[in-house]
Undergrad: 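A single structure is presented below for examination.
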Amino acid sequence: MSRAINMLDKRLHTNLAGIYMNTPVLTASGTFGFGEEFAEFVDLSRLGGVMVKGTTLKPRRGNEGVRITETPMGMLNCIGLENPGVEVFLQETLPRIANYNMNVIVNISGSTVEEYGILAEMLDVPGVAAIELNVSCPNVKEGGIVFGTDPKAAEAVVKEAKAHTKKPVILKLSPNVTDIVTMAKAVEYAGADIISLINTLLGMEINIHTQKPTLGNVTGGLSGPCVKPVALRMVYQVAKAVNVPLIGMGGISCAEDAIEFLLAGASAVAVGTANFNDPAVTMKICDGINDYLAQRHLESVQDIIGAAL
Amino acid sequence: MPKVAVDGEIIDQHELAKDVWRMEVEAREIAREAEPGQFVQLQIPGGAFTLRRPVGIAEVSLQKGTVAFIYRVVGKGTKALSRLTAGTVINVLGPLGHGFSCKAKRPLLVGGGMGLSPLLFYAEHAKGKADVLMGGRCERELFWQEIYKPHVQEVFCTTDDGSCGTKGFTTTLLPELLQKGDYDLVIACGPEIMMQGISKIAHEYQIPCQVSLEKRMGCGLGACLSCSIDTTSGQRRKVCKDGPVFWAEEVFDLA
């Protein structure tokens with residue numbers, strides 16, 4: 001099955017900083033577990049990669065109270081990086097998901113610059129395709145957001161990770177900044193191999209019956225179709241300003257959305273919230289991009305990347 | 001237990017009581033695989049809703065290849081679901097999670113409010129072996145009696161106002177039933193406070209007890225961790241994947 005799909009997807013083959021991908025369609029961290037949860041609906045090897053659930057040095061139990069709420073054309077979440085910790089990931093999860101033949105991209109969060117280095121080194125093992133630095137989780141109190149909003153801090157995190165791994169290093173940018181281009185230039189200068197963007201937008205909801213915030217953590221990260229125009233604008237701006245490849249994400253829920261991001265200069269895209277509504281949506285997006293290229297007699301997805309710039 | 005996401009035609013939808021609806025959908029694969037206590041995630045047609053809605057499976061017909069859901073309209077999503085008419089196609093993801101133990105010889109089902117919906121599937125499946133104890137605020141909320149009668153030996157009722165059955169809560173009547181009866185399993189579904197009380201009483205009478213938890217969910221597949229809970233062993237569990245059914249002692253401190 002893999003081979004047949006490989007041939008059908010010939011136009012979609014992508015190489016991102018040395019990571020070979022069958023398609024430029026990945027899944028965004030926190031929305032797709034470790035991939036295995038979706039194995040009944042998706043050919044995981046057909047994805048460009050699975051950015052697995054955010055991993056930290058020590059286990060985290062995440063936030064108390066309500067963690068998810070639907071909003072107009074989107075949703076807010078405040079999971080708070082619940083995960084079993086990097087050791088359990090290495091000993092239990094990674095061996096278990098090795099059989100799926102997918103690019104495993106490990107999203108990591110540190111509470112200090114040094115922790116990013118420790119995590120990067122621990123994850124420099126076979127079976128890990130790349131590391132994604134999460135410097136923009138809006139739902140944890142320490143670390144995260146500071147590294148994501150201060151160019152100097154983001155630079156330090158990238159340098160620390162690069163010094164401790166031979167794997168490609170992806171930095172995930174936060175949209176919760178005044179000027180995303182400044183952040184992108186800083187992390188490119190620091191040596192990031194790939195930039196992914198955007199993480200969720202900080203938001204909140206108030207329950208008018210209880211007169212209290214809905215979410216246990218008061219604020220949460222907004223995602224889904226409602227953020228797509230913001231994400232697309234940011235990808236477009238960053239693509240004009242840097243040379244490293246971009247993985248665009250933010251509200252992508254169909255092939256047309258994905259194509260917009262590719263035209264805006266993303267070399268690949270990641271799908272997040274849309275997986276909740278349709279667990280097989282990534283496969284439909286791959287098919288749709290393929291059809292779009294075929295209709296235009298284009299041989300490769302490379303032919304449309306950045307075409308709108 | 002294979003899960004599928006299938007487009008199924010709504011073959012019937014009607015209001016059973018104020019704001020409580022029953023929707024029956026053709027979904028043969030799900031009907032074949034479903035076990036009592038499992039649930040599905042319904043996609044609301046039209047694309048206006050980002051998340052699916054988790055709903056317990058209330059009835060299954062293998063002959064018709066249908067699954068039925070009984071749900072209360074509580075917000076915009078369930079309102080939109082209730083407006084769908086027969087003939088509309090809806091995408092159903094399931095069956096999801098783990099169901100109740102079906103090995104009991106003489107189960108007692110204890111339900112409050114919409115908790116009676118997934119218990120109905122159990123009652124049907126138990127083919128006359130079960131009794132049901134149902135609680136509501138008033139007689140009007142216990143429209144379930146007629147629905148349950150063909151499937152169980154006895155229906156016991158409690159109401160807050162005493163308008164039907166024993167005045168009080170399900171926990172008021174449960175000790176008496178466990179004292180007299182020959183039950184080997186208690187299965188509870190309803191408000192968490194009720195399930196906690198039921199669990200404690202079952203524990204006192206040394207009868208195994210299972211509860212079905214309700215939490216806000218995102219994916220329903222164990223990926224997003226929206227529905228994580230603490231268990232008494234200190235382990236984190238996901239209601240959607242490890243549950244929604246748990247042994248009472250896994251989730252409630254019964255000591």
Side-chain angles (χ1 to χ4, degrees), chain A residues 27-42 50 52-54 59-84 207 214-216 220 222-227 251 253-254 272-281, chain B residues 1-7 29-30 33 40-54 74-81 90-97 192 214-231 233-242:
Chain A
T27 54
S29 177
T31 65
F32 208 68
F34 297 103
E36 56 189 343
E37 295 87 345
F38 287 76
E40 283 157 293
F41 304 99
V42 167
V50 172
V52 299
K53 176 69 193 163
R60 283 183 62 98
R61 68 180 303 290
N63 288 320
E64 297 293 337
V66 172
R67 290 178 163 191
I68 186 167
T69 189
E70 193 180 64
T71 58
M73 295 310 283
M75 56 166 268
L76 288 159
N77 90 83
C78 63
I79 308 299
L81 288 177
E82 175 169 348
N83 80 98
N207 180 326
T214 303
L215 293 174
L222 182 67
S223 63
C226 60
V227 310
S253 53
C254 59
T273 301
N275 293 306
F276 299 166
N277 200 269
D278 178 1
V281 71
Chain B
M1 279 181 294
K3 305 184 266 282
V4 290
V6 289
D7 283 330
E29 299 100 312
I30 295 176
E33 296 293 333
V40 302
Q41 286 258 54
L42 294 177
Q43 187 183 57
I44 304 167
F49 294 89
T50 298
L51 298 175
R52 288 174 179 250
R53 294 299 185 273
V74 290
K76 291 183 188 122
T78 41
K79 182 91 205 159
L81 284 175
I90 186 167
N91 191 273
V92 188
L93 169 63
L96 301 174
E192 199 161 310
E214 189 175 43
K215 271 269 178 188
R216 287 194 189 212
M217 288 176 189
C219 64
L221 301 170
C224 74
L225 307 186
S226 297
C227 63
S228 280
I229 54 158
D230 277 321
T231 55
S233 67
Q235 298 253 355
R236 299 285 291 173
R237 287 283 179 265
K238 301 159 196 167
V239 170
C240 71
K241 193 179 179 192
D242 304 315

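Residue numbering restarts at 1 for every chain, and letters A, B, ... go by the order of the sequence lines.
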Undergrad: What are the two closest non-hydrogen atoms of Gly47(B) and Met73(A), and how far apart are they?
TA: O-CE, 3.8 Å
Undergrad: Closest heavy-atom contact between Gln43(B) and Asp278(A)?
TA: NE2-CB, 4.5 Å
Undergrad: Does any heavy atom of chain B fall under 4.5 Å from the side chain of Phe38(A), the backbone, both, or neither of them?
TA: side chain
Undergrad: Rounded to the nearest 0.5 Å, what separation is found between the CD atom of Glu37(A) and the NZ atom of Lys238(B)?
TA: 5.5 Å
Undergrad: Return the minimal non-hydrogen interatomic distance between Asn277(A) and Phe49(B), and the atom names on each side.
TA: ND2-O, 3.2 Å
Undergrad: Given heavy-atom pairs under 4.5 angstrom as the criterion, report whether the side chain, backbone, both or neither of Thr69(A) touches chain B.
TA: both
Undergrad: Any idea which heavy atoms bring Ser226(B) and Ile68(A) closest together, and the distance?
TA: OG-CD1, 3.4 Å
Undergrad: What pairs with Arg61(A) under side chain to side chain donor-acceptor pair (under 3.5 Å), at least two apart in sequence or on another chain?
TA: Glu64(A), Asp230(B)
Undergrad: For Pro225(A), is it the side chain, the backbone, both, or neither that has a heavy atom closer than 4.5 Å to a heavy atom of chain B?
TA: side chain
Undergrad: Just so I know, are the side chains of Lys76(B) and Pro72(A) near enough to count as touching, which here means a heavy-atom distance under 4.5 Å?
TA: no
Undergrad: Judged by atom type as modelled, is there a donor-acceptor pair below 3.5 Å linking the side chain of Glu70(A) to the main-chain atoms of Leu51(B)?
TA: yes
Undergrad: How close do Phe41(A) and Ala5(B) get, heavy atom to heavy atom, and via which atoms?
TA: CE2-N, 3.7 Å
Undergrad: Run the side-chain contact (heavy atoms from CB on, under 4.5 Å) test on Phe276(A) and Met217(B) for me, step by step, so that the C-alpha distance in whole Å, both residues' side-chain angles and the decisive distance to 0.1 Å come before the verdict.
TA: CA-CA 10 Å; Phe276(A) 299 166; Met217(B) 288 176 189; over 6 Å; no
Undergrad: Under a 4.5 Å heavy-atom cutoff, which of Lys215(B), Lys241(B), Arg53(B) has the most pairs with chain A?
TA: Arg53(B)
Undergrad: Can you tell me if CD on Glu214(B) sees more than 12 non-hydrogen neighbours from other groups inside 6.0 Å?
TA: no
Undergrad: Side chain of Arg67(A), backbone of Leu225(B): donor and acceptor closer than 3.5 Å?
TA: yes
Undergrad: Considering residues at least two apart in sequence or located in another chain, which fulfil the side chain to side chain donor-acceptor pair (under 3.5 Å) criterion with Glu36(A)?
TA: Arg96(A)
Undergrad: Taking side chain as everything from C-beta outward and backbone as N, CA, C, O, which of these in Ile44(B) sits under 4.5 Å from a heavy atom of chain A? Side chain, backbone, both or neither.
TA: neither
Undergrad: Grab the two heavy atoms, one from Gly74(A) and one from Thr50(B), that are nearest each other, plus how far apart they are.
TA: N-OG1, 2.9 Å
Undergrad: A side-chain contact here means heavy atoms from C-beta on lying under 4.5 Å apart; do Cys224(B) and Asn77(A) qualify?
TA: no
Undergrad: Return the option, out of Gly218(B), Gly220(B), Ala223(B), with the maximum number of heavy-atom pairs under 4.5 Å with chain A.
TA: Ala223(B)
Undergrad: How long is the span from the OG atom in Ser228(B) to the CD1 atom in Ile79(A), to the nearest 0.5 Å?
TA: 7.5 Å
